[in-house]
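Have a look at the structure below, then the notes.
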Amino acid sequence: MSIKPPQPAPSWNHRPDEIGTLIKDLLEKDRSLMDKIAALPAAECNFKSLALSEAETDFDAVAEPLSFYQNVSADKALRDASNEAEVLVRDYGVESSMRIDVYQAKVAAEKNIKESGQWDKLSAEEKRLVERMILDGTRSGLALPEEKRNQLTALKKELSQLCLEFSKNFNEEDQRITFTAKQLEGVPKDVISGYTKRTEGSEEVYDATYKTPDIFPIFKFSKDPETRRKAFEGYESRLEVNVPLLSKALGIRRQLASILGYETWSVADYVTEVKMIKNGKSVIDFLDDLEEKLRPVGIKDRDALLALKKKEHEELGLPFDGEFYIWDYRYYDRKFIESSLDLDDMVVKEYFPVTVVVPTILEIYQNLLGVRFEEINGTTWHPEVQQFSVWGKDSKDESGFIGYCYLDLYPRSGKYSHAAVWPLLPGYDRPDGKRSYPIAAMVANLAKPTLDKPALMRHDDVVTFFHEMGHVFHGLLSHTKFSRFHGTSVARDFVEAPSQMLENWCWEPKVLEKMSSHFETKKPLSPELISKLVKSRYVNVGLFYLRQVFFAKFDIQVHTSSEDQDYTALWNSLRESISLVKSGKPAPGQGTFGHITGGYDAGYYGYTYSLVFAADMYATVFKADPLDSSRGKRYREKILVPGGSREELDSLKDFLGREPNSKAFLNELFGSQQSASL
């Protein structure tokens, strides 16, 4: 018998016309609460009277789910209403963060707490909340004169709208690129069968979208370099509409930094002062050092792929100009793995049907972290979405309830086009002493079933799914007093580390055997195939990570430059010099770089920086027995439960039993070269 959760699941049946009203009511309610706090006499300001944590929590509980519709709803009117609601929420957020009267109440509260001796009675998390509230105000510029504060408010609102528009263009992009059957030679038939087929003149043609399941197989499999070039240049240019938005956003960030007294948006440390790395110079040093170590490895990788290209061009009678182009990378990376390891990506894919992989990954996580998933049939935003209630493994009553999880796995028009997790509601202690439970939604774009095959996942997709589920569990299993510190509310250059660590499971032989089942024979991957797959992990690792360094360096350069520049030229020239690939026609790829307007400004380095911690955690604790539930319990208690309620370095030291170091990461990348370059 299933237990009734102590908190009902939210309903997802909002109409477009309701959303604006709900948001306006919410803003009004919050504004009047802030007015009350601001009106308190200084002597009456204390931890309890401000109740700012509750206000923030109550606000997000309404606003977050309503803003989420723009990423997932099949109804354009609902997506638009959700986007418009977020415009209001962001504007209000800027306004609210710039209220000097509320800030003064916070400052008075801190003073009173310390002078009354109450400070010593606060828990570490309560002290952290007070400190962060004051820091919010100083970082917002509330110590500045009124004229400058007004300037900041106007600029922040404009920046917020630009970032929202950038993101909306991303979700709404729905272009097609057209090829003939001959141009698509080499692309797997089951992929082509998913394209829209039509007649153009006397010829049959195929329309592919720029969504990952459609376009990536062209990059990886099309024999015709012209097809790959056309596909790549179309893909890079698909969001040219975002180019002026990004230029404008970067200009506003420079103005903001200048008003706040920082030399630039990043090097003068505005963005990084609240991250683990602490300052912009350390970011640049980290990336320079990594590039220097990777470059000789990358050159060796590129030369091997170029030799493969030369050989194939000679065999096919194609001209060879001695260059290795960006649209050659995925194609020859695959060919190299196939020829050096005799490993075919499309054969491996047959062992990963979605209907087997998803439940198995959930089972692995459930056993590792001591939880239980129960599928339920509540309302969702789309019929394909799965909904689960999540419980402690041995729960007998409602006290074992953990939260809710949603899986939205397949592409559709207007939906967010990559893979990501939305922590829709955080967990926290309510003022009445009861618990409010978290909700997390994972959004992905896996390939759908075809006429003759079920929905299958490439091994890359399996890794991505495992990674994103790591974020889901960070959101579900964190247990903090305040919502502000819940789950993934950690430093941006640490937030990826837990999920990156969990990717390692997808390269462990016994895990691969457990989650594979050929869609026809039902047999798992053979030991021989598993061995080849594991060896493929670090093939061309130099080129792979140089690509990450390129993204991070573009991000840090545009946020440390003091003036506007031609960002298309910078994007293409940096890629050529760092990634070691030729670009061909300069395409405005920066218009597709969603991270830069989505919260990772001057922060993309964090994806690689956090790998240092991920590798250390895995090698130190899990490598010896990755499926051991006692190790999983240690990870849950030391890394997931605290969320952002303490310094990330303290959580790492608690988990590792020592200070973290980069030995495991460097060994992963460079110690594996001999075995990887077969």
Side-chain angles (χ1 to χ4, degrees), residues 272 275-304 333 336-337 340 463 466-467 470 491-508 533-553 555-556 577-580 603-624 626 631 635 639 648-649 651-678:
T272 48
K275 295 184 179 174
M276 289 188 76
I277 207 161
K278 299 302 179 201
N279 59 68
K281 185 183 180 302
S282 297
V283 174
I284 292 167
D285 290 348
F286 170 73
L287 292 172
D288 284 348
D289 181 50
L290 189 58
E291 184 183 359
E292 190 186 327
K293 285 189 170 81
L294 286 167
R295 195 170 180 82
V297 183
I299 289 169
K300 191 175 159 196
D301 291 348
R302 184 196 58 190
D303 290 349
D333 181 57
F336 183 83
I337 288 169
S340 61
V463 175
F466 220 96
H467 174 105
R492 264 285 161 96
D493 50 5
F494 179 72
V495 72
E496 296 297 332
S499 285
Q500 288 168 332
M501 180 197 75
L502 289 156
E503 289 179 20
N504 285 286
W505 274 249
C506 301
W507 302 97
E508 284 291 344
L533 190 58
V534 171
K535 282 178 185 168
S536 76
R537 184 176 188 181
Y538 295 110
V539 169
N540 300 325
V541 71
L543 285 178
F544 177 84
Y545 280 108
L546 282 171
R547 181 172 173 266
Q548 292 298 308
V549 171
F550 151 63
F551 288 135
K553 283 206 163 183
D555 170 39
I556 211 75
S577 64
I578 297 169
S579 303
L580 307 175
Y604 194 89
Y605 76 90
Y607 278 100
T608 314
Y609 186 73
S610 56
L611 278 169
V612 172
F613 307 124
D616 198 5
M617 287 194 289
Y618 186 68
T620 306
V621 176
F622 279 109
K623 180 65 183 163
R631 292 165 208 257
Y635 167 69
I639 299 291
E648 293 76 14
L649 196 56
S651 291
L652 278 167
K653 286 194 285 196
D654 195 10
F655 180 66
L656 295 167
R658 57 164 170 77
E659 292 270 350
N661 63 55
S662 61
K663 283 180 197 164
F665 175 65
L666 294 173
N667 185 51
E668 252 184 39
L669 257 56
F670 306 112
S672 58
Q673 273 309 294
Q674 195 115 21
S675 59
S677 302
L678 294 174

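The analysis underlying the following values was restricted to heavy atoms, covering all of them including side chains, and did not include hydrogens, waters or symmetry mates.
Remark: the backbone N or O of Val621 is paired with a side-chain donor or acceptor of Arg631 at under 3.5 angstrom. Panel note: side chain Ser662, backbone Val612; no donor-acceptor pair is recorded below 3.5 Å. In this structure a side-chain-to-backbone donor-acceptor pair under 3.5 Å is present from Asp616 to Asn661. Using a distance-only test at 3.5 Å, with no hydrogens or angles considered, no donor-acceptor pair links the side chain of Asp288 to the main chain of Asp285. For the pair Lys278 (side chain) and Lys275 (backbone), a donor-acceptor distance under 3.5 Å is present. Of the possible donor and acceptor atoms, none in the side chain of Glu508 sits under 3.5 Å from a partner among the backbone N and O of Pro626.
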message: Does Leu290 form a side chain to side chain contact (heavy atoms under 4.5 Å, CB included) with Gln548? I'd like the steps, not just the answer.
response: CA-CA 10 Å; Leu290 189 58; Gln548 292 298 308; over 6 Å; no
- request: Go through the steps for Phe670 and Val541 under the test side chain to side chain contact (heavy atoms under 4.5 Å, CB included), then give the verdict.
  value: CA-CA 9 Å; Phe670 306 112; Val541 71; over 6 Å; no
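Considering all non-hydrogen atoms of both residues, Gly542 and Asp301 come closest at N-OD2, 2.9 Å. In plain terms, the two heavy atoms of Leu580 and Ser577 that are nearest each other are CD2-O, 4.0 Å. Between Ala497 and Ala614, the shortest heavy-atom contact is O-CB, 3.5 Å. Scanning all heavy atoms of the two residues, the minimum distance from Ala664 to Ala615 falls at CB-O, 3.5 Å.
Taking the six-membered ring for Trp and the full ring otherwise, Tyr605 and Phe286 have centroids separated by 6.0 Å or more.
Interatomic distance, CZ of Phe622 versus CG of Leu502, reported as 7.0 Å (0.5 Å rounding). Taken from CG in Leu287 to CD in Glu292, the straight-line distance is 13.0 Å, to the nearest 0.5 Å. Atom CH2 of residue Trp507 and atom OH of residue Tyr538 lie 8.5 Å apart, to the nearest 0.5 angstrom. The CG atom of Asp289 sits 12.0 Å away from atom OG of Ser282, with the distance rounded to the nearest 0.5 Å. Once rounded to the nearest 0.5 Å, the distance linking CZ of Arg302 with OG of Ser579 reads 11.0 Å. Once rounded to the nearest 0.5 Å, the distance linking CG of Asp493 with CE of Met276 reads 6.5 Å.
Taking the side chain as every heavy atom from C-beta outward, Tyr545 and Val297 never approach each other to under 4.5 Å. Within the 4.5 Å cutoff, the side chain of Asn540 has heavy atoms near those of the Phe336 side chain. Looking at heavy atoms from C-beta onward, Val463 lies out of side-chain contact with Arg537 at the 4.5 angstrom threshold. At least one side-chain heavy atom of Phe665 sits less than 4.5 Å from a side-chain heavy atom of Thr608. Using a 4.5 Å heavy-atom threshold, the side chains of Ile337 and Lys535 count as separate. Residues Ile639 and Met617 form a side-chain contact, since some pair of their non-hydrogen atoms from C-beta on lies under 4.5 Å apart. Side-chain contact between Leu294 and Leu669 is present, with at least one heavy-atom pair separated by less than 4.5 Å. Annotation: side chain of Lys623 is in contact with side chain of Tyr618 (closest heavy-atom distance under 4.5 Å).
Residue Lys553 is tested with Val283, Ile578, Leu546 for a side chain to side chain contact (heavy atoms under 4.5 Å, CB included); the sole match is Ile578. A side chain to side chain contact (heavy atoms under 4.5 Å, CB included) with Glu496 is found for one member of Phe613, Tyr609, Tyr607 and no other, namely Tyr607.
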